[in-house]
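All values reported here derive from a predicted model rather than from experimental measurement.
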Amino acid sequence: MRWLGRPGGMRAPGALALAGCMAVLCLCATGAQALTLHVQHRLETSRGVRLSFTAPALPEGGYYYAVLVLRPYRHFTRAAPPPCSTSSDMQRTDYGWPDASGTVVLRVTPARSHTGHWCPGGVYGGGVYAVPHAPPCNAEYPCSSEPYKQPCAGVGPGCVLGVIALPREWAWPDPLPVPRAAGATMEAHFAVAFPARRRQRH
């Protein structure tokens, strides 16, 4: 898990120049304040997806995170899911805080799968979540845990798992997972479409 823009001296990446690089199919703010979400223009199935938006600071060190979930895809079913990633990695995710300009930058990566890639031609529903308190675990070892956090393992930094939904509680093609953190809300939902696999030229 990466810590992005956290107050108190942790690494802040700064705002990315994503103006005009909209890949959002639908954006619906559900919180009190509308969010304008920017997604990198050229999406590749083998790479993570960068998101940026302007948002207010949350109380008590609260943070933002994002999730992508594959919508029904071709002929695949729950019993026979596709070999590509059916969601972003829900076990490890960026936690983001607004930088000095109020911009939050997050990156979501494809979950483990046979291919390790997003699904070619797949449409993913996305959600931006806000948690109104600091993460229950910091980047030091040993870490404490809460009911929605798996116990940390290994030595820090890097021992924190940003658990959004446990595998036994979410399975494709379920919709976006319900936030596990107390008081968490979905601030916006959106969708991104990945390009279909290009045909090889002969």
Side-chain angles (χ1 to χ4, degrees), residues 1-5 11-28 35-55 63-78 80-97 99 101 103-129 158 160-165 167 170-177 186-202:
M1 185 195 72
R2 296 183 301 158
W3 303 82
L4 302 178
R11 182 171 62 89
L16 295 178
L18 296 178
C21 297
M22 297 290 288
V24 178
L25 301 182
C26 174
L27 174 63
C28 259
L35 298 179
T36 300
L37 184 68
H38 296 267
V39 183
Q40 68 190 67
H41 182 61
R42 293 187 178 181
L43 297 174
E44 298 181 25
T45 57
S46 61
R47 310 185 76 173
V49 177
R50 291 180 296 176
L51 313 170
S52 73
F53 54 92
T54 301
Y63 56 97
Y64 295 90
Y65 67 89
V67 175
L68 288 177
V69 168
L70 180 65
R71 292 180 175 173
Y73 181 66
R74 299 180 181 173
H75 60 278
F76 295 100
T77 65
R78 185 187 298 270
C84 43
S85 299
T86 55
S87 73
S88 55
D89 193 333
M90 294 186 188
Q91 300 301 296
R92 297 181 181 274
T93 186
D94 283 352
Y95 290 168
W97 289 262
D99 63 12
S101 70
T103 300
V104 179
V105 180
L106 301 173
R107 184 171 181 268
V108 291
T109 56
R112 291 181 181 179
S113 66
H114 179 71
T115 67
H117 295 173
W118 305 105
C119 294
V123 176
Y124 289 74
V128 173
Y129 299 82
V160 184
L161 289 179
V163 176
I164 306 307
W170 182 91
W172 184 80
D174 287 347
L176 286 165
M186 182 184 290
E187 296 297 296
H189 57 86
F190 60 99
V192 295
F194 285 85
R197 185 178 288 107
R198 296 181 179 179
R199 295 179 180 178
Q200 295 183 351
R201 294 182 178 180
H202 297 283

Using the ring-ring contact (aromatic ring centres under 6.0 Å, His included) rule, take Tyr95 and Tyr64 through it: C-alpha gap first, then chi angles, then the decisive distance, then the call.
CA-CA 6 Å; Tyr95 290 168; Tyr64 295 90; over 10 Å; no
Check side chain to side chain contact (heavy atoms under 4.5 Å, CB included) between [X] and all other residues, then give those that pass, not counting sequence neighbours.
| X | result |
| --- | --- |
| Arg42 | none |
| Thr86 | Leu70, Pro82, Trp170, Trp172 |
| Pro175 | none |
| Thr115 | Pro83, Cys84, Ser113, His117 |

Contact between [X] and [Y] at the side-chain level, heavy atoms closer than 4.5 Å - yes or no?
| X | Y | answer |
| --- | --- | --- |
| Pro177 | Val67 | yes |
| Pro173 | Arg71 | no |
| Val192 | Leu43 | yes |
| Thr36 | Phe53 | no |

Check salt bridge (Lys or Arg N to Asp or Glu O under 4.0 Å) between Arg78 and all other residues, then give those that pass, not counting sequence neighbours.
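If we apply the salt bridge (Lys or Arg N to Asp or Glu O under 4.0 Å) test to Arg78, skipping adjacent residues, the hits are Asp174.
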For side-chain contact (heavy atoms from CB on, under 4.5 Å), just list the numbers for Met186 and Leu176, CA-CA rounded to whole Å, side-chain angles, deciding distance to a tenth of an Å, and then say yes or no.
CA-CA 10 Å; Met186 182 184 290; Leu176 286 165; 3.7 Å; yes
Apply side-chain contact (heavy atoms from CB on, under 4.5 Å) to Cys119 and Tyr124, showing your working.
CA-CA 9 Å; Cys119 294; Tyr124 289 74; 3.5 Å; yes
Grab the two heavy atoms, one from [X] and one from [Y], that are nearest each other, plus how far apart they are.
| X | Y | result |
| --- | --- | --- |
| Ser85 | Pro110 | OG-CB, 3.4 Å |
| Val123 | Ala193 | CG2-CB, 4.1 Å |
| Ala111 | Ser88 | CB-O, 3.7 Å |

Rounded at 0.5 Å granularity, tell me how far OH in Tyr65 sits from CG in Asp94.
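So the gap between those two atoms works out to 13.0 Å.
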To the nearest 0.5 Å, what is the distance between CZ (Arg50) and CD (Gln40)?
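Rounded to the nearest 0.5 Å, the CZ-CD separation comes to 5.0 Å.
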Show your working on side-chain contact (heavy atoms from CB on, under 4.5 Å) between Trp118 and Leu68 and close with a plain yes or no.
CA-CA 10 Å; Trp118 305 105; Leu68 288 177; 3.8 Å; yes
Does the pair Leu51 and Leu37 meet the rule for a side-chain contact (heavy atoms from CB on, under 4.5 Å), with working shown?
CA-CA 7 Å; Leu51 313 170; Leu37 184 68; 4.1 Å; yes
Partner residues of Thr77 under the side chain to side chain donor-acceptor pair (under 3.5 Å) criterion, sequence neighbours left out:
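Thr77: no side chain to side chain donor-acceptor pair (under 3.5 Å) contacts found.
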